Amino acid sequence: MKYLVYGNDRVMTGDSIADAVLAYSVVLAQHSTTDLVDVPTADAHGAAASVGLLLGPAIAVMSEPAPDDELEPEDAAFLAEITRRINRFERHLDATRHPDRFDGLAAELEAVLDPSLDVLDAMDRVIDTCVRCTSATEAGIVLADRSGTLHVIASTSERSTDAEEAQLGTNEGSCMDCFRTGQTIDVPDVRTRAADWPAFVETMRERGMVGTFAEPIRLRRTTIGSLCVFATHDQGHDDRDVVLMQLLADAASAALVRQRDQGRLQSLDAQVQDALEALITLEQAKGALAHRQGIGIDEAFQALRTSARGAGRGLRELAEDVIHRGERLDGVI
């Protein structure tokens with residue numbers, strides 16, 4: 001057990017959790033940015049709890065030994081999430097050192113345009129490519145139905161979904177402005193838009209995210225949705241990132257058109273409805289798998305995504321197996 005010493009407070013947690021928090025704090029300081037993390041701990045009665053800590057430059061965090069406790073907090077999902085955040089900063093640094101991020105992009109776009117994919121899988125490939133090939137931390141896609149109502153179609157994580165749903169619920173934020181204007185929205189630090197987007201800025205703060213970027217998804221001259229990107233840093237995105245995001249937004253539109261050309265769903269409205277139905281199935285499967293395996297929702301999603309792609313199956317097909325056939329994905333988790 002260790003104490004995390006934070007200002008005048010001490011938070012007791014597990015050794016591996018404390019080490020991960022310290023490592024992430026160093027990375028944030030190196031990149032001159034901040035992030036909010038919910039550190040697993042236990043209350044006075046030994047029940048699981050969490051404490052939010054803001055990490056970053058000029059915020060001193062240290063650790064010191066604590067009495068050993070049989071109830072030492074362990075949280076594999078938290079450790080995986082911190083590792084993922086650290087790795088994304090490292091990918092951003094690697095991209096700066098090796099600026100040709102277009103290597104392999106043709107293969108990524110070819111995968112997005114695979115006509116055998118349904119809408120959910122194609123859009124998921126777009127956002128996955130976005131966070132792997134740019135300095136984005138999270139990404140999502142919203143598409144409009146026939147009435148012009150936007151719907152969240154794909155998200156890289158639960159907090160990305162929260163950020164998107166918050167915008168749709170309050171009619172404010174980067175993806176809403178992008179859809180309304182048909183223009184790119186680039187805000188490295190959302191706090192500069194607090195007067196325009198008060199609810200969205202608060203949601204971003206609560207989810208530990210700082211920057212946002214939204215690129216319109218167009219069909220001819222009509223904006224049919226947006227690719228919305230989120231970052232835990234306030235560094236913004238360089239020209240190569242922006243070009244990649246624009247290409248991916250166009251790829252999302254092209255994937256929708258190609259599916260219609262293949263004689264599948266014949267209208268955007270039908271594609272949106274199909275994706276929403278698939279998404280409901282996926283959400284049920286994520287919850288079932290998380291409960292069954294004792295893991296977090298994001299970890300369950302990553303397991304479903306990895307397993308589906310490895311087997312050449314669609315997310316909805318595998319999700320149905322998880323729900324109706326008790327599939328556990330033991331080989332992945």
Side-chain angles (χ1 to χ4, degrees), residues 1-94 131-132 137-138 156-160 162 206-210 230-233 286-287 289-307 328-333:
M1 294 284 287
K2 289 182 179 179
Y3 287 116
L4 282 172
V5 183
Y6 186 87
N8 295 324
D9 297 322
R10 296 195 304 174
V11 178
M12 182 180 286
T13 190
D15 288 353
S16 58
I17 293 173
D19 292 343
V21 170
L22 291 178
Y24 189 38
S25 178
V26 170
V27 170
L28 290 168
Q30 291 171 340
H31 288 80
S32 300
T33 191
T34 59
D35 195 6
L36 180 68
V37 297
D38 291 320
V39 179
T41 183
D43 63 20
H45 304 288
S50 65
V51 176
L53 298 183
L54 182 66
L55 306 178
I59 302 175
V61 183
M62 299 177 291
S63 69
E64 58 184 36
D68 287 336
D69 191 324
E70 294 181 1
L71 300 176
E72 177 173 347
E74 295 181 358
D75 194 320
F78 174 83
L79 294 174
E81 173 60 16
I82 294 299
T83 300
R84 186 172 68 89
R85 296 188 193 185
I86 291 173
N87 288 342
R88 285 195 174 154
F89 276 105
E90 291 176 348
R91 284 200 298 271
H92 180 66
L93 183 59
D94 287 341
V131 298
R132 286 191 293 104
T137 308
E138 308 283 2
T156 50
S157 72
E158 289 297 296
R159 67 172 176 171
S160 175
D162 290 344
E206 291 173 351
R207 300 303 183 272
M209 297 189 291
V210 179
F230 309 104
T232 54
H233 56 80
K286 286 159 58 176
L289 187 62
H291 177 74
R292 201 171 291 155
Q293 295 282 34
I295 58 178
I297 293 294
D298 283 340
E299 189 178 352
F301 175 49
Q302 292 303 322
L304 284 160
R305 175 193 268 170
T306 300
S307 183
R328 292 175 54 88
L329 307 185
D330 289 321
V332 177
I333 298 173

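Computed from a prediction, not measured in an experiment: that's the story for all the values here.
- With hydrogens and angles ignored, the 3.5 Å screen pairs a side-chain donor or acceptor of Thr83 with a backbone N or O of Leu79.
- No salt bridge links Glu138 with Arg207; every basic N to acidic carboxylate O contact stays at or beyond 4.0 Å.
- You'll find the side chain of Val210 stays beyond 4.5 Å of the side chain of His233, heavy atoms only.
- For the pair Ala303 and Leu289, the tightest heavy-atom approach, listed with the atom from each and the gap, is CB-CD2, 4.3 Å.
- Between Met1 and Thr13 there is no side-chain heavy-atom pair separated by less than 4.5 Å.
- Taking 4.0 Å as the cut-off between side-chain N and carboxylate O, Glu206 and Arg159 do not count as a salt-bridged pair.
- Across every non-hydrogen atom of Tyr6 and Leu54, the tightest pair is OH-O, 2.7 Å.
- The line from CE of Met209 to CG of Leu36 is 11.0 Å long, rounded to the nearest 0.5 Å.
- By the 4.5 Å heavy-atom criterion applied to side chains, Leu55 and Val61 are counted as neighbours.
- From Ser63, atom OG reaches atom CG of Leu22 across 4.5 Å, with rounding to the nearest 0.5 Å.
- For the residue pair Ala290 and Ala300, the shortest heavy atom distance occurs at N-CB, 4.0 Å.
- The line from NZ of Lys286 to CG of Leu304 is 8.5 Å long, rounded to the nearest 0.5 Å.
- Between Ser25 atom OG and Leu53 atom CG the span is 9.5 Å, to the nearest 0.5 Å.
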request  = Apply side-chain contact (heavy atoms from CB on, under 4.5 Å) to Val5 and Glu64, showing your working.
outcome  = CA-CA 7 Å; Val5 183; Glu64 58 184 36; 3.8 Å; yes
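- Ser307 and Leu329 make their closest contact through OG-CD2, 3.6 Å (heavy atoms, listed as atom of the first residue, atom of the second, distance).
- No side-chain heavy atom of Lys2 sits less than 4.5 Å from a side-chain heavy atom of Met12.
- Counting only heavy atoms from C-beta outward, the side chains of Ser157 and Phe301 never approach each other to under 4.5 Å.
- Applying side chain to side chain contact (heavy atoms under 4.5 Å, CB included) to Arg85 and the options Val27, Val37, Leu28 leaves one that passes, Val37.
- Atoms OG1 and CD, on Thr156 and Gln302 in that order, are 8.5 Å from each other to the nearest 0.5 Å.
- Here CG of Asp298 is found 6.5 Å from CD of Glu81. Values are rounded to the nearest 0.5 Å.
- Looking at Gln293, its side chain does come within 3.5 Å of a backbone N or O of Arg328 through a donor-acceptor pair.
- In this structure, Tyr3 contributes its side chain and Asp9 its backbone to no donor-acceptor pair below 3.5 Å.
- Contact of the Phe78 side chain with the Asp38 side chain is not registered, since no non-hydrogen atoms from C-beta on lie closer than 4.5 Å.
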